[in-house]
Amino acid sequence: MHSPNRRVIRISKLAYVAVFLLLLCISFPVVGSPAAFGWLLLIPVAVVVWVARSRTVVTDGGLEAHSLFASRTVAWADVEGVRFPNRGWARACLADGTEVTLPAVGSDRIRDLAAASGGRIQDPYLVVADSESPNTGE
């Protein structure tokens with residue numbers, strides 16, 4: 001049974017359009033010489049499986065990272081923060097010094113991650129209104 005506070009962050013469905021275009025490009029050499037290039041049809045199949053499987057699930061208990069070949073669950077107590085590298089997906093920094101890659105969570109999805117975490121991960125873009133502004137001169 002799933003938690004009511006469970007949010008799944010996936011790769012955009014638009015990625016399937018890219019897979020279709022990849023299949024279209026691959027089809028020309030396959031049709032021209034099926035014996036030599038038939039194996040190329042495995043590439044779009046692998047990409048579809050990767051897009052469908054890669055996701056990050058945020059629950060009350062923690063984070064679940066699902067990649068093509070593995071899944072890992074991390075409790076909130078073990079998460080010290082989240083790092084967004086220049087390239088690639090976000091990484092959860094753990095108390096033991098290791099990191100867990102969070103598939104499908106890029107810098108554009110930080111608000112989704114922050115909202116789903118229930119306040120455990122702060123949204124850096126959130127503007128907090130203070131009662132006193134430092135520029136008022138009071």
Side-chain angles (χ1 to χ4, degrees):
M1 180 136 210
H2 296 296
S3 167
N5 294 330
R6 174 184 161 101
R7 179 161 309 161
V8 179
I9 302 173
R10 294 183 179 274
I11 296 174
S12 171
K13 302 266 187 213
L14 195 57
Y16 292 110
V17 174
V19 173
F20 175 74
L21 293 174
L22 176 65
L23 178 63
L24 186 65
C25 293
I26 287 175
S27 66
F28 291 108
V30 170
V31 170
S33 181
F37 296 110
W39 63 271
L40 288 175
L41 293 174
L42 295 175
I43 295 172
V45 171
V47 174
V48 164
V49 172
W50 174 74
V51 168
R53 177 116 171 95
S54 296
R55 66 189 179 278
T56 297
V57 181
V58 184
T59 65
D60 290 335
L63 298 167
E64 299 172 16
H66 299 275
S67 63
L68 183 60
F69 297 113
S71 296
R72 181 161 180 197
T73 302
V74 179
W76 283 117
D78 297 333
V79 178
E80 288 189 343
V82 178
R83 183 175 71 85
F84 288 87
N86 291 338
R87 293 187 176 161
W89 289 325
R91 288 163 176 74
C93 302
L94 306 181
D96 63 2
T98 61
E99 293 182 341
V100 174
T101 301
L102 302 176
V105 180
S107 58
D108 60 330
R109 304 297 298 270
I110 189 168
R111 289 187 176 196
D112 294 337
L113 183 64
S117 71
R120 294 177 184 96
I121 297 172
Q122 298 298 316
D123 181 356
Y125 302 115
L126 184 65
V127 177
V128 180
D130 292 332
S131 60
E132 288 185 34
S133 176
N135 296 329
T136 60
E138 294 180 43

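Just the heavy atoms: all of them, side chains too, but no hydrogens, waters or symmetry mates, feed the values below.
- Note: Thr59 OG1 to Arg6 CZ = 7.5 Å, rounded to the nearest 0.5 Å.
- Between Trp76 and Ile121 there is a side-chain heavy-atom pair separated by less than 4.5 Å.
- His66 NE2 to Arg55 CZ: the interatomic distance, rounded to the nearest 0.5 Å, is 4.5 Å.
- Clustering ILVMFWY residues whenever any of their side-chain heavy atoms sit less than 4.5 angstrom apart, transitively, puts Val17 in a cluster other than the one holding Val19.
- Under the 4.5 Å side-chain heavy-atom criterion for ILVMFWY residues, a single connected hydrophobic cluster contains both Val51 and Trp89.
- In this structure, the side chains of Leu23 and Leu41 come closer than 4.5 Å at one or more pairs of heavy atoms.
- Hydrophobic cluster membership differs between Ile110 and Ile11, with clusters built from Ile, Leu, Val, Met, Phe, Trp and Tyr side chains linked at under 4.5 angstrom.
- Between the side chain of Ser54 and the backbone N or O of Trp50, at least one donor-acceptor pair lies under 3.5 Å.
- Two different hydrophobic clusters hold Val31 and Leu42 under the rule that ILVMFWY side chains link at heavy-atom gaps under 4.5 Å.
- Closest non-hydrogen pair, Glu80 versus Leu94, comes out as OE1-O, 4.0 Å.
- Between Ile26 and Phe37, every side-chain heavy-atom pair lies at or beyond the 4.5 Å cut-off.
- With hydrogens and angles ignored, the 3.5 Å screen pairs no side-chain donor or acceptor of Arg7 with any backbone N or O of Leu113.
- Phe69 and Val48 fall within a single hydrophobic cluster, where Ile, Leu, Val, Met, Phe, Trp and Tyr side chains are chained together by heavy-atom contacts under 4.5 Å.
- Taken from CG in Leu102 to CD1 in Ile9, the straight-line distance is 8.0 Å, to the nearest 0.5 Å.
- One distance of note links CZ of Arg91 with OG1 of Thr98; it measures 12.5 Å at 0.5 Å rounding.
- For Arg72, there are no salt bridge (charged side-chain N to carboxylate O under 4.0 Å, His left out) partners two or more places apart in sequence or in a different chain.
- Side-chain contact between Leu63 and Val57: absent, with no pair of heavy atoms (C-beta onward) separated by less than 4.5 Å.
- For Tyr16, the OH atom sits in a packed shell: over 12 heavy atoms of surrounding residues, nucleotides or ligands are nearer than 6.0 Å.
- For the atom pair Cys25 SG and Leu40 CG, the distance stands at 11.5 Å (nearest 0.5 Å).
- Panel note: side chain Thr56, backbone Pro103; a donor-acceptor pair is recorded below 3.5 Å.
- Distance check: Cys93 SG to Asp78 CG gives 13.0 Å after rounding to the nearest 0.5 Å.
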When you look at Arg53 and Ser71, which way does the side chain to side chain donor-acceptor pair (under 3.5 Å) test go after all the steps? CA-CA 10 Å; Arg53 177 116 171 95; Ser71 296; 3.1 Å; yes
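- The residue from Thr73, Val100, Val58 that alone fulfils the side chain to side chain contact (heavy atoms under 4.5 Å, CB included) condition with Glu64 is Thr73.
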